[in-house]
Amino acid sequence: MKKAIEKSINKPSKKLLKIYTQTLVVDACPYCKSKKFYVHGKYRFTNRYRCCSCRKTFIPSTGTSIHYLHKKDLFLDFAEIVRHEGILTLKEVCKRLDIANLTAFDWRHKLLNSVPKINKTFNHKILCTDFSIRFSQKGRKGVRDESYHSSANSYFDLSNLSQIISVLDGKYIDNKLSTVGPLTDKHIRRVLEQKLKTVNRFIYLCKNESYKKTISSKTIEFIQPVKIIDDSKFEQKAEKIRKNNFDLKIWIGMNMKGVATKYLQLYSNYFCYRKIYSFNPIGKKCLNLRYVWSVFTLMENFYKTFIINHTVKDYILPTKRKWKTSFNYSLAVSEIPY
Ligand SMILES: [Zn+2]
């Protein structure tokens with residue numbers, strides 16, 4: 001009897017087997033990205049590989065969102081819910097899947113880390129603006145979340161605002177968390193420099209002198225207020241970017257009941273991606289991202305670096321979570337959340 005139970009536990013479901021045989025593509029070492037590796041025995045129902053360069057062993061799911069998961073099938077159900085219904089409240093998810101709050105929280109962030117990055121260089125006329133969302137430390141132990149309880153005065157206190165730079169290029173809106181506090185030339189340059197290399201027309205929707213410094217060599221048009229422009233196509237685009245940012249703020253405030261600034265970039269990526277593309281977290285595109293586990297476990301470190309180097313805030317009360325492993329493998333700049 002015991003043996004039979006053990007066997008049924010070890011036997012992968014059809015869905016999981018399909019993920020391993022059809023969805024996951026092993027074409028490089030997840031640690032060092034070398035293309036040279038060989039089959040090095042079996043791990044349960046799948047192959048184990050060894051990299052010729054770094055000598056580490058790995059399986060097809062190493063580094064992906066399903067890495068180190070005990071309840072892989074339940075996670076696949078969770079991913080299906082997100083795919084078809086969007087991000088539900090943690091309470092709803094816990095009830096439906098009978099999982100703990102922290103599990104639902106972790107799984108959500110693994111999926112948010114799986115949103116494909118649109119890392120293109122802008123080629124044509126782009127529209128750019130910025131907006132802000134209240135700085136939040138929601139969920140951080142020992143910190144009272146002040147985002148929704150502060151007095152009206154502190155709302156106008158720049159040091160409490162997370163600043164997001166928003167760029168519309170073609171159909172896609174790319175949002176980047178740039179600082180907490182006043183937005184300066186330094187922050188704008190950090191966020192936009194790489195992408196703006198090939199831009200020949202830059203239109204900025206608000207009056208912010210800092211942009212002039214950043215892109216002084218470009219043809220810049222500062223448009224303020226937007227309404228004076230007699231160009232219906234442009235006005236449509238301007239409306240699109242404004243509406244997207246407004247909707248994002250409402251979604252974060254109302255649907256998500258606020259999001260910690262630590263995770264703001266991830267939620268924004270998801271929101272903007274879903275406006276244009278359908279998001280299938282267990283499709284080929286998302287499930288083959290092998291930086292997900294690494295970014296997920298190192299999130300606190302990225303947040304710390306961001307707060308210390310690019311904001312007016314102090315880094316306080318570190319969140320301490322221990323992971324069995326945390327990859328220390330090479331991440332591309334584009335793979336780091338902010
Ligand atoms: Zn390797």
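All ligand and atom numbering here is 1-based and tracks the order in the structure.
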For a salt bridge (Lys or Arg N to Asp or Glu O under 4.0 Å) check, start with the C-alpha distance between E300 and K262, then their side-chain angles and the critical distance, and finish with the verdict.
CA-CA 8 Å; E300 183 68 16; K262 178 181 173 183; 2.7 Å; yes
Could you check F45 against Y20 for ring pair (Phe, Tyr, Trp, His ring centres under 6.0 Å), going step by step and ending with a plain yes or no?
CA-CA 9 Å; F45 52 85; Y20 273 83; 5.0 Å; yes
For the pair E92 and R96, evaluate salt bridge (Lys or Arg N to Asp or Glu O under 4.0 Å) and give the outcome as yes or no after the intermediate values.
CA-CA 6 Å; E92 171 78 18; R96 277 216 225 167; 3.1 Å; yes
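The six-membered or imidazole ring of F105 lies near that of Y263, with a centre-to-centre distance under 6.0 Å.
Here the angle at the Zn ion (ligand 1) defined by SG in C29 and SG in C32 stands at 110°, rounded to 10 degrees. Angle SG (C54) to the Zn ion (ligand 1) to SG (C51): 110°, rounded to 10°.
Not one N/O/S atom of C52, from backbone or side chain, sits under 2.8 Å from the Zn ion (ligand 1).
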